[in-house]
Enquirer: 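Quick one: this structure, given as structure tokens, is what I'll be asking you about.
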Amino acid sequence: MAYRAFFALPDTLVTSSGQVTNAVYGFTSMLTNLLRDEQPTHVAVAFDAGRVTFRTEQFAEYKGNRDATPEVFRGQVPLIKEVLEALRIPSLQREGIEADDILATLTQRGTEAGMEVLICSGDRDALQLVTDDVTLLYPKRGVSDLVRMTPGAVEEKYGIPPERYPDLAALVGETSDNLPGVAGVGPKTAAKWVTAYDGLDGLLEHVDELKGKAAQNLRESVDQVRLNRVLNALLRDVELPLTVEELALAGFDREAVHRVSDTLQFGALRDRLLAVDPSAEAAVETAKGGVEVDLVALEPGELAAWLAARAGTRLGLDVTGTATPGASDAWEVALAAPAGNGATGAGTAVVVDLADAAPDDERALAAWLADPGAPKVVHGAKSAWHMLAGRDLELAGVSFDTELAAYLCYPDQRGYDLADLVVRHLGRELTVGEPEGAQGALDLAMADDDDPHEDPRSRQAAVRAVAVADLATALTGQLADRGADGLLTDLELPLTGVLGRMEATGIAADVEYLTELERQFASAVADAAAEAYDVIGRQVNLGSPKQLQEVLFDQLAMPKTKKIKTGYTTDAASLQDLYVKTGHPFLEHLLAHRDVTRLRSTVEGLLKSVAPDGRIHTTFQQTIAATGRLSSTDPNLQNIPIRTEEGRRIRRAFRVGEGYETLLTADYSQIEMRIMAHLSGDEGLIDAFRSGEDLHRYVGSRVFDVAPSEVTPEMRSKIKAMSYGLAYGLSAFGLSQQLTIPTSEAQSLMDDYFTRFGGVRDYLTGVVEEARATGYTATILGRRRYLPDLTSDNRQRRQMAERMALNAPIQGSAADIIKVAMLGVQRELDSRGLASRLLLQVHDELVVEVSPGEREAAEDVLRTQMGAAVELDVPLDVSVGAGATWHDAGH
DNA sequence: GACTCCACGTA
DNA sequence: CGTACGTGGAGTCA
């Protein structure tokens, strides 16, 4: 069936890392439909074990006409087995035996056990197994269109009962098995003979009585026919490691289903798959039983006592509201003691409606939330912090964050949705357990609006709070297994508060200036477009790569660029290249148009993001980057232009705010190279940093074997490109492209580099080897990234994973360091009573808004805390700049 | 409207 | 055939 899927589906079904998935996708899809439509109680999947079987021993040419199994298919077989493992469906195979023999054996045993049996196979030999209790689902077309072959259907199609089918096949032959049939004998003749003589044996006994050409041919190939009959008989007594009872569907390993769906990039198929999980129903039923949450309806004023009764217990906390930095609000708070404590196994929860809580309860809640000694578990502490801050409620004492914990355990995952984590780690669905007597959500919705305990949304909040508390227990162990408990407690969790403050503060924007900038960029866009249209004599959408391809490669017949999925690339590097080759003025205007369009859209985005307070509040994502970096969204303030003068104009729009003295920026110089020096222990590189000499000049003098003063700017830039490239797994080819030099020259440059800095080479090869052995890379603070693809059979996937393994410890350690520094900076600003405040982080840079008179103190805090974040074998160099705008504060 | 692809900005 | 991100526009599909 997998093989059929392989041919039925296009090989363009491929993951982003290049793994073709048509066979595994098609197979899984078919299996999903079977599970859904047939509702089997027991399932197994049989595999062929190899080309050599007992049949090839009896007839060397058996299946000898088959081409070698395509590599692209073969590579997917282990993936199919992974899927099956996740579904807890046994895979069976045996050396020397074919899959259909295993199916025949299982059919035999199942029938003996009184079961009804369904066989799904593309091999017609399986027809012989069909009985009143056994149906063959035979693929008609592709893999989704299955015909139910019952005894009646076999009879109708072949004119014989199923048990006679092998007799017929022996006479007709089987092309796909390379079994020759009797010349001139097709299914019609064969069926007639088999019926007339009551089977093949009867026929062969009376072979001399038959008349005609076909009969003559039969007499000449009796031996082959007998052999065919022996070979096409399926074995029904293969020794198997499992009994049929052991094939009972156990329910999916949902975590594994998610994991394998992640790697295979199953989207809709993942959902279809999870929807047919036989265990899901059980989970939902449990929830319906109402054992998940016991939502206590407190009388006004009772919250303090409820909390006091649970003093010291870690409670789950769920805040409902909106977490828009600078405009956040909280509406409702749910608190829960974890399930499993009470006799019923249900979590106990209370819900506080912030809009109309009794003053006593409000005070009790505020005190508990702000109490650092009252431990809390949250899913997404930063959001909760924002929402509560919107109500002037302080949040402290968060001892666990299930979102951050899941991120630290599985940093490569796309998201950490609470419902998904609950399913993965608790084997439950995040559904509202219905209270005793209630008929459903509709009744709940129609209940008294004023009582939060009757509101389904309140119950949902309570369920989340319980789930978070339970999840914390499950994830605590996993976190400890990965040695990441310290990272959570000492780094990521305290950082949420720092980030929350930064986001809430925002950075002041000069709206008038931005508006004027937008006007200028917009007019430059129009000019560039007009000139471009003029050159080619027509108007096209310059923002459409598709239309540009027509202009460049059809109308102007320019040389083709690098191929991409949708034709040929029109990216800036290629356009520049084309311009050098053709000197065509259209390209000049097009490139200018691109630049200025981009700038305009950046400015537009910023203008849209300015909040009523005149500041831009980004959101720092703490659980996105697999290396441990932060990312910035809505808007992204980590990719504001800096390289070109035009772009730098945008940085002037970020200003020191009213009532503050100046902006201060502090960045680490060459932090990644310093980490490389530290991790590799390469003495040359360490000396380079200790010498205080310009790094690239120093390295250049060693590689080119000249005095540092002799290093030309050209040499220096080559060295710089290579040094940074090394941390990304740059190849000689990549280097040659970047520097526009021959690959051979790039290769010898790299060779020379590694001769001088052997420690770097040893480190880089060592880090990949170690990651392959352990399965993960680690940063200096022990942040892990798991890279299962390091042992992939697929070269593209493997090499991609190798480059990730090279980069992750370096980029990730830099991320660790600046996070530690941020905690230190915040702590020092607070303890010294300074009003200056952190605004932004851009991977190796911090931006601070300085309160009047604190210029020197703030700079001291930045230099000290950033410089002392960790102890490396090389100094951490920090450079600081000040100015009224981000541009002027830069350096 | 949801999604993918391309292109491009940052470190 | 260099890692890590986020965004906006074009194009496509249901």
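What you see is a predicted model, and the numbers here were worked out from it, not measured in a lab. Note on naming: letters A, B, ... go to the chains in the order of the sequence lines (proteins, then strands), and numbering restarts at 1 for each one.
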Enquirer: In whole angstroms, how far is the P atom of C:dT7 from the CD atom of A:Gln621?
Expert: 8 Å

Enquirer: Looking across every strand, which nucleic acid part, if any, lies under 4.0 Å from A:Ala815 by heavy atom: base, sugar-phosphate, or nothing?
Expert: nothing

Enquirer: Of all the nucleotides listed (C:dG6, B:dA7, C:dG2), which has the minimum atom distance to the side chain of A:Gln738?
Expert: C:dG2

Enquirer: Is any side-chain N of the basic residue among A:Arg783 and A:Glu492 closer than 4.0 Å to the acidic one's carboxylate O?
Expert: yes

Enquirer: So if I take every side-chain heavy atom of A:Ile642 and compare against B:dT10, C:dG11, C:dC1, which nucleotide ends up nearest?
Expert: B:dT10

Enquirer: State whether A:Gln547 places a side-chain N or O below 4.0 Å from either non-bridging phosphate oxygen (OP1 or OP2) of C:dG11.
Expert: yes

Enquirer: In whole Å, I'd like the distance from the CD atom of A:Gln841 to the P atom of C:dG6.
Expert: 13 Å

Enquirer: Can you check whether any acceptor in the base of B:dC8 is under 3.5 Å from a donor in the side chain of A:Arg598, or vice versa?
Expert: yes

Enquirer: With a cut-off of less than 4.0 Å, is there a side-chain N or O of A:Thr566 near OP1 or OP2 of B:dC6?
Expert: yes

Enquirer: Would one find a side-chain N or O of A:Thr570 under 4.0 angstrom from OP1 or OP2 of B:dA7?
Expert: yes

Enquirer: If I take atom CG in residue A:Asn807 and atom P in nucleotide B:dA11, what distance separates them, rounded to the nearest angstrom?
Expert: 16 Å

Enquirer: Does A:Thr633 put a side-chain nitrogen or oxygen below 4.0 Å from OP1 or OP2 of C:dG6?
Expert: no

Enquirer: Quick check for you: among C:dA4, C:dG8, B:dT10, whose closest atom lies nearest to any side-chain atom of A:Ser601?
Expert: C:dG8

Enquirer: Centre-to-centre under 6.0 Å for A:Tyr724 and A:Tyr728, is that the case here?
Expert: no

Enquirer: Which nucleotide sits closest to the side chain of A:Ile624: C:dA4, B:dA11, C:dG6?
Expert: C:dG6

Enquirer: Going by an N to O cut-off under 4.0 Å, is there a salt bridge joining A:Asp577 and A:Lys581?
Expert: yes

Enquirer: Look at all strands and tell whether A:Ile564 reaches a base, only sugar-phosphate, or nothing, counting heavy atoms closer than 4.0 Å.
Expert: sugar-phosphate

Enquirer: Should A:Lys562 and A:Asp571 count as an ion pair when the cut-off is N to O under 4.0 Å?
Expert: no

Enquirer: Expressed in angstrom and rounded to an integer, what is the separation of A:Gln576 atom CD from B:dC8 atom C1'?
Expert: 15 Å

Enquirer: What's A:Thr602 touching, base or sugar-phosphate or nothing? Going by heavy atoms closer than 4.0 Å.
Expert: nothing

Enquirer: By nearest atom, which of the nucleotides C:dG9, B:dA11, B:dC8 is closest to the A:Glu604 side chain?
Expert: C:dG9

Enquirer: When you check the phosphate oxygens OP1 and OP2 of B:dG9, does a side-chain N or O of A:Arg643 lie under 4.0 Å from one of them?
Expert: no

Enquirer: Name the closest nucleotide to the A:Asp844 side chain, picking from C:dC5, B:dA7, B:dA11.
Expert: B:dA11

Enquirer: Using a 4.0 Å heavy-atom cut-off, does A:Ile810 contact any base of the nucleic acid, only the sugar-phosphate backbone, or nothing at all?
Expert: nothing

Enquirer: Is the phosphate of C:dG2, meaning OP1 or OP2, less than 4.0 Å from a side-chain N or O of A:Ser731?
Expert: yes

Enquirer: Side chain of A:Arg651: nearest nucleotide among C:dA4, B:dT10, C:dT3?
Expert: B:dT10

Enquirer: Answer yes when A:Asp789 and A:Arg798 have at least one side-chain N-carboxylate O distance shorter than 4.0 Å, and no when they do not.
Expert: no

Enquirer: Given atom CD1 of A:Ile675 and atom C1' of B:dA11, what is their separation to the nearest angstrom?
Expert: 12 Å

Enquirer: Whole-Å distance between B:dT4 C1' and A:Lys565 NZ?
Expert: 8 Å

Enquirer: With ring-ring contact (aromatic ring centres under 6.0 Å, His included) as the rule and sequence neighbours excluded, what pairs involving residues 776-800 of chain A come up?
Expert: A:Tyr776-A:Tyr786

Enquirer: Could you tell me whether the side chain of A:Arg594 has a donor or acceptor atom within less than 3.5 Å of a complementary atom in the base of B:dA7?
Expert: no

Enquirer: Below 4.0 angstrom from OP1 or OP2 of C:dA4, is there any side-chain N or O of A:Arg785?
Expert: yes

Enquirer: Take A:Asn639 and A:Tyr728, find for each the nucleotide of DNA chain C with the closest heavy atom, and name the residue whose nucleotide sits nearer the 5' end.
Expert: A:Tyr728

Enquirer: With sugar-phosphate meaning primed atoms plus P, OP1 and OP2, does A:Met722 contact a base, only sugar-phosphate, or nothing at under 4.0 Å between heavy atoms?
Expert: nothing

Enquirer: Please determine whether a side-chain nitrogen or oxygen atom of A:Thr569 lies at a distance below 4.0 Å from atom OP1 or OP2 of B:dA7.
Expert: yes

Enquirer: Using heavy-atom distances to pick each residue's nearest nucleotide on DNA chain C, tell me which of A:Ser544 and A:Asp412 is more 5'.
Expert: A:Asp412

Enquirer: Measure CG/A:Asn541 against P/B:dC5 and give the value in whole Å, please.
Expert: 20 Å

Enquirer: Which residue is it: A:Glu550, A:Arg538, A:Gln549? I am looking for the one with a side-chain hydrogen bond (donor to acceptor under 3.5 Å, both in side chains) to A:Gln555.
Expert: A:Arg538

Enquirer: Using a 4.0 Å heavy-atom cut-off, does A:Ala727 contact any base of the nucleic acid, only the sugar-phosphate backbone, or nothing at all?
Expert: nothing

Enquirer: For the pair A:Glu769 and A:Arg772, find out whether any cationic side-chain nitrogen is under 4.0 Å from an anionic carboxylate oxygen.
Expert: no

Enquirer: Could you state the CZ-P distance from A:Arg600 to B:dC8, rounded to the nearest angstrom?
Expert: 15 Å

Enquirer: Quick one: the side chain of A:Asn636 and the base of C:dG6, do they pair up donor-acceptor inside 3.5 Å?
Expert: no

